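Contents: one structure, followed by commentary.
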Amino acid sequence: MATLSTEVPDASAKPSGQLRVLTTLLAAAAALILAKAFGVLPEWLNRIPEWAIPPTAQVLDVIFDFVQNDLGLIYVTRFIAEGPLEFLLDTSANLLEGKRRWPFLGPIPWSAIAAVAAVVGYAVGGWRLAALGAGTFIWTALIGQWKIAMQTMSVIVVAAPLAFLLGLTLGVAAWKYGWFERMLKPVLSVLQTLPFFTYLLPAVIFFKVGPTAGAVATITFAIPPMILMTTLGLKKVSPEVIEAGQMSGCTRWQMLRHVYLPAARTEILVGVNQVIMLCLAMVVLTAFIGMPGLGAKLLAMMGSFKLGRSFEIGVTIVLLAVTLDRMSKAWVVKQPVHFDRGTPWWKRHQMPLIALALFAGFTLLAQLFPILAEIGRKQHLSQGKEIDVVIKSVLALDAIKGTTEWLRWFLNVKVLIPFRNTLLAIPTPAFILLVVAFAYWVGGRKPGIYAAVFFTIVAFSGWWDRSVITLYTVISAVALATLIGIPLGVIAARSEHWSKSILLACDTAQTFPSFIYLIPAIMLFGVNDVAVVFSILIFAAVPLIRYTIIGLSTVPPEMTEAADMSGSTRRQKLMSVQFPLALPTMAVGFNQAIMFAFFMVIIAAFIGTQDLGQELQRTLAGTELGKNFVLGMNVSLMALTFDMAISSWTQKRKRALGLD
């Protein structure tokens, strides 16, 4: 009689050779740490001496200057910035915010845009999305934020289509030519881990400050996922579909246009969703280079500690993010509608015609009723000052004030500062050996080698201590997020109702631009390391909770039933059956949490830190492109080290479980 085994292969068991390597690495690191503790470690083994650090930033500055001026790249980029790109941005700004430049077409009344948003929402997702679309733009107008919201949207409506077209073109080329895909993959890996400040300074130098630089940085930031999703979709087209196209006599262009792209529609639209969300996230962050709009206003309000107004702007950004996310996701799952031959033209284009009629109707009504065109300062319903008073009153309550002050003291004095000082006290070679040991233990030989190379480059960059502080913040935040996120995910996974509710909340939270997470951190803890860690913690906990629920929910029922029949307790079933099978999926969440933390720690430089983010922010005030690149690469290399190790472990675990 066949029996079902609940035993899971132990993918973590290490051969004796691997254990010897790990033991050697850890022993060497321990010897260096002890040598420093006893005062017998030479200084050149504690930190790389200044004379040994290559002038990488200065060399890069010379190269960038040669490319910019001697090769004349600056003239090409400025022509683009002052020509076609500026024309597109001026046109969108005229239409949406009424910027007084040629062709003098705007602004479109807020009521007309809200009406069109309702029709679009209904067309892709029904009445709920219609209400969300209209409600978002009505809120934005009523709360007195229409102009700054349209300044943001005027860049998105230009940047998102351009990022889509460039990403689609490069994705098709990567699918078509293997050598191009191999060349593109490492570039995309670096681009997806570079901090956003690294995108901003080149955009400012090569393009004009303001919307043009913001648009270029936004487009560059949003292209990678479009390339990846296009390539993935085209590779997944079934052979039967391809054969049918070839048998019908299609040319290469016809095969691409009528066979491959329609068959890859879902993946391409997922890429469109990611492009839109990344564009919104980046446009908000371009406030650091003088881009007007919601991000700039939020930055100013948070800088002056006007929490009520910050809260209102934050709600507007969140509503826009959720609306764009929900509509683009609904577009992904909505199947194309086919009409019978002879169907009237107006019936085939019913929704666009309704949208056009409402647009024209509200535009005409706005001429008769000015409030439908623009809501002035004396008419809007902003309650920023009142909310500010309420928030500060609540935070001043003895219970809340006492709790936050104690947490700030405890985390700073007992946890964060000692941990930071411990990491900074470790000699550089010992630190690298510890990271290599971790990467080798988790991912194997290849991630271990990459960890050694990447962290050695960081050590010779001249920014070692700043990099260690950045890493300390990331580790602290992810560790605390793990302590909170995984238990929450486990509890939620026990109930289908709670699983759906928490997953919906996580999906919504992942659409929030990262700036939003700074607001509760500043409200509760002010400006210090605890606020930085807390903001990263909230951001990083979302994927941990999400993938814990998904991982536990996808454990085969027969495995849990077998555990129940064997008399396992809930804890035994969780630890011996569910966790081992869910770990590959949970590892994806852990990897995302680390990537999110590296991204967020740079944004948290606004609060005031001593890490790479603070130095990156300072480079925006000048033209130190070489320094900006070196700092950005340090963040990228550290993030890639963890990404490669965890991804390698996940693949090995899946193979061990027979899931690959």
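Because the structure is predicted, anything quoted here is derived from the model rather than measured.
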Considering only distance and modelled atom types, tabulate donor-acceptor pairs under 3.5 Å from the side chains of residues 590-606, sequence neighbours left out.
{"unit_1": "Asn591", "atom_1": "ND2", "unit_2": "Asp643", "atom_2": "OD1", "d": "2.8"}
{"unit_1": "Gln592", "atom_1": "NE2", "unit_2": "Tyr547", "atom_2": "OH", "d": "3.3"}

Heavy-atom count check: over 12 atoms from other residues, nucleotides or ligands less than 6.0 Å from [X] [atom1]?
X      : atom1 : answer
Trp139 : CH2   : yes
Phe512 : CZ    : yes
Arg257 : CZ    : no
Lys385 : NZ    : no
Glu386 : CD    : yes

Is any side-chain heavy atom of [X] closer than 4.5 Å to a side-chain heavy atom of [Y]?
X      : Y      : result
Leu285 : Leu200 : no
Leu89  : Thr212 : yes
Arg309 : Asp388 : no
Ile268 : Phe164 : yes
Met153 : Ile156 : yes
Leu294 : Leu320 : yes

> Taking it one step at a time, do Leu488 and Leu544 satisfy side chain to side chain contact (heavy atoms under 4.5 Å, CB included)?
Replying inline: CA-CA 9 Å; Leu488 280 176; Leu544 284 168; over 6 Å; no
>> Show every salt bridge (Lys or Arg N to Asp or Glu O under 4.0 Å) that has at least one partner inside residues 267-295, sequence neighbours left out.
In response: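 Applying salt bridge (Lys or Arg N to Asp or Glu O under 4.0 Å) to every pair that reaches into residues 267-295, excluding sequence neighbours, yields Lys236-Glu267.
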>> Could you work out, with salt bridge (charged side-chain N to carboxylate O under 4.0 Å, His left out) as the rule, every residue matching Lys334, not counting sequence neighbours?
In response: none
> Sequence neighbours excluded, which residues qualify as salt bridge (charged side-chain N to carboxylate O under 4.0 Å, His left out) partners of Asp325?
Replying inline: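 If we apply the salt bridge (charged side-chain N to carboxylate O under 4.0 Å, His left out) test to Asp325, skipping adjacent residues, the hits are Lys329.
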>> Evaluate Val158 against Thr218 for side chain to side chain contact (heavy atoms under 4.5 Å, CB included), listing each step before the verdict.
In response: CA-CA 10 Å; Val158 171; Thr218 301; over 6 Å; no
> Does any pair with a residue in residues 219-231 pass side-chain hydrogen bond (donor to acceptor under 3.5 Å, both in side chains), and if so which ones, sequence neighbours excluded?
Replying inline: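 Every pair satisfying side-chain hydrogen bond (donor to acceptor under 3.5 Å, both in side chains) with a residue in residues 219-231: there are none.
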>> Quick check for you: to the nearest 0.5 Å, what is the distance between Gln151 atom CD and Gln145 atom CD?
In response: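 If we round to the nearest 0.5 Å, Gln151:CD and Gln145:CD are 12.0 Å apart.
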>> Run Leu166 and Met226 through side chain to side chain contact (heavy atoms under 4.5 Å, CB included) and show every step you take.
In response: CA-CA 8 Å; Leu166 289 170; Met226 190 68 226; over 6 Å; no
>> Could you go through Lys235 and Leu232, starting from their C-alpha distance and side-chain angles, then the distance that decides it, and tell me whether this counts as side chain to side chain contact (heavy atoms under 4.5 Å, CB included)?
In response: CA-CA 5 Å; Lys235 284 182 177 179; Leu232 175 65; 5.7 Å; no
Show the atom names and distances, to 0.1 Å, of all donor-acceptor pairs under 3.5 Å that link a side chain in residues 120-138 to residues at least two apart or in another chain.
{"unit_1": "Thr136", "atom_1": "OG1", "unit_2": "Leu132", "atom_2": "O", "d": "2.8"}
{"unit_1": "Thr136", "atom_1": "OG1", "unit_2": "Thr323", "atom_2": "OG1", "d": "2.6"}

